[in-house]
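For reference, the structure is listed below as C-alpha coordinates.
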Amino acid sequence: MPHEALVAGATSESGFETKQAALDWANDQEARVRQQDWHDPRDGAALLADWIELWWAGQDIEPTRAPDHHPSEGVR
(Lines give C-alpha, C1' and ligand atoms only; values in the text may rest on other atoms or scores of the structure.)
Protein backbone atom coordinates (compact mmCIF):
# COMPACT_ATOMS: atom_id res chain seq x y z
CA MET A 1 0.00 0.00 0.00
CA PRO A 2 1.59 3.33 -1.00
CA HIS A 3 2.09 5.91 1.69
CA GLU A 4 -0.21 8.86 1.12
CA ALA A 5 2.19 11.17 2.96
CA LEU A 6 4.82 10.86 0.25
CA VAL A 7 4.38 13.44 -2.49
CA ALA A 8 5.24 12.44 -6.04
CA GLY A 9 8.91 13.01 -6.61
CA ALA A 10 9.74 13.21 -2.90
CA THR A 11 12.46 11.04 -1.51
CA SER A 12 11.95 8.91 1.55
CA GLU A 13 13.56 9.52 4.93
CA SER A 14 16.86 7.66 5.05
CA GLY A 15 18.99 6.24 7.80
CA PHE A 16 16.55 3.90 9.52
CA GLU A 17 18.22 1.15 11.48
CA THR A 18 15.41 -1.34 10.88
CA LYS A 19 12.54 -1.87 8.50
CA GLN A 20 10.15 -1.55 11.47
CA ALA A 21 11.62 1.85 12.33
CA ALA A 22 10.95 2.99 8.76
CA LEU A 23 7.38 1.64 8.88
CA ASP A 24 6.77 3.36 12.23
CA TRP A 25 8.00 6.67 10.76
CA ALA A 26 5.75 6.26 7.72
CA ASN A 27 2.74 5.44 9.89
CA ASP A 28 3.42 8.55 11.99
CA GLN A 29 3.58 10.70 8.84
CA GLU A 30 0.28 9.25 7.58
CA ALA A 31 -1.35 9.93 10.96
CA ARG A 32 -0.13 13.54 10.78
CA VAL A 33 -1.68 13.89 7.30
CA ARG A 34 -5.03 12.58 8.58
CA GLN A 35 -4.87 15.01 11.52
CA GLN A 36 -3.99 17.83 9.10
CA ASP A 37 -0.77 18.37 11.05
CA TRP A 38 1.67 17.44 8.27
CA HIS A 39 3.53 20.10 6.34
CA ASP A 40 5.43 19.42 3.13
CA PRO A 41 9.05 20.35 3.89
CA ARG A 42 9.33 21.71 0.35
CA ASP A 43 6.57 24.30 0.84
CA GLY A 44 7.99 27.76 0.59
CA ALA A 45 11.18 26.53 -1.00
CA ALA A 46 12.54 28.81 -3.69
CA LEU A 47 15.76 28.90 -5.60
CA LEU A 48 18.05 31.68 -4.48
CA ALA A 49 18.49 32.90 -8.06
CA ASP A 50 14.68 33.20 -8.44
CA TRP A 51 14.41 35.15 -5.19
CA ILE A 52 17.25 37.48 -6.20
CA GLU A 53 15.55 38.16 -9.53
CA LEU A 54 12.37 39.25 -7.71
CA TRP A 55 14.32 41.28 -5.18
CA TRP A 56 16.50 42.94 -7.84
CA ALA A 57 13.46 44.03 -9.87
CA GLY A 58 12.12 45.89 -6.83
CA GLN A 59 15.30 47.85 -6.09
CA ASP A 60 15.40 51.55 -6.85
CA ILE A 61 19.08 52.11 -7.55
CA GLU A 62 20.48 55.13 -9.34
CA PRO A 63 22.32 54.12 -12.52
CA THR A 64 25.61 55.54 -11.23
CA ARG A 65 25.42 53.37 -8.11
CA ALA A 66 24.36 50.13 -9.77
CA PRO A 67 26.91 47.29 -9.65
CA ASP A 68 28.63 46.26 -12.87
CA HIS A 69 26.97 42.84 -12.73
CA HIS A 70 23.61 41.36 -11.75
CA PRO A 71 23.71 40.00 -8.16
CA SER A 72 22.49 36.55 -9.24
CA GLU A 73 25.48 35.93 -11.53
CA GLY A 74 27.17 32.75 -10.40
CA VAL A 75 24.33 31.75 -8.03
CA ARG A 76 22.73 28.35 -8.61
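Bear in mind the structure is a predicted one, so any value in this text is a computation, not a measurement. By convention here, the first residue in the shown sequence is residue 1.
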Given the rule that I, L, V, M, F, W and Y join up when any side-chain heavy atoms are under 4.5 Å apart, are Leu48 and Leu54 in one cluster? no
Please say whether more than 12 non-hydrogen atoms of neighbouring residues, nucleotides or ligands are located less than 6.0 Å from CD in Gln36. no
Check whether any side-chain N or O of Gln59 sits under 3.5 Å from a backbone N or O of Trp55 as a donor-acceptor pair, and report yes or no. yes
Asn27 side chain to Leu23 main-chain N or O, any donor-acceptor pair under 3.5 Å? yes
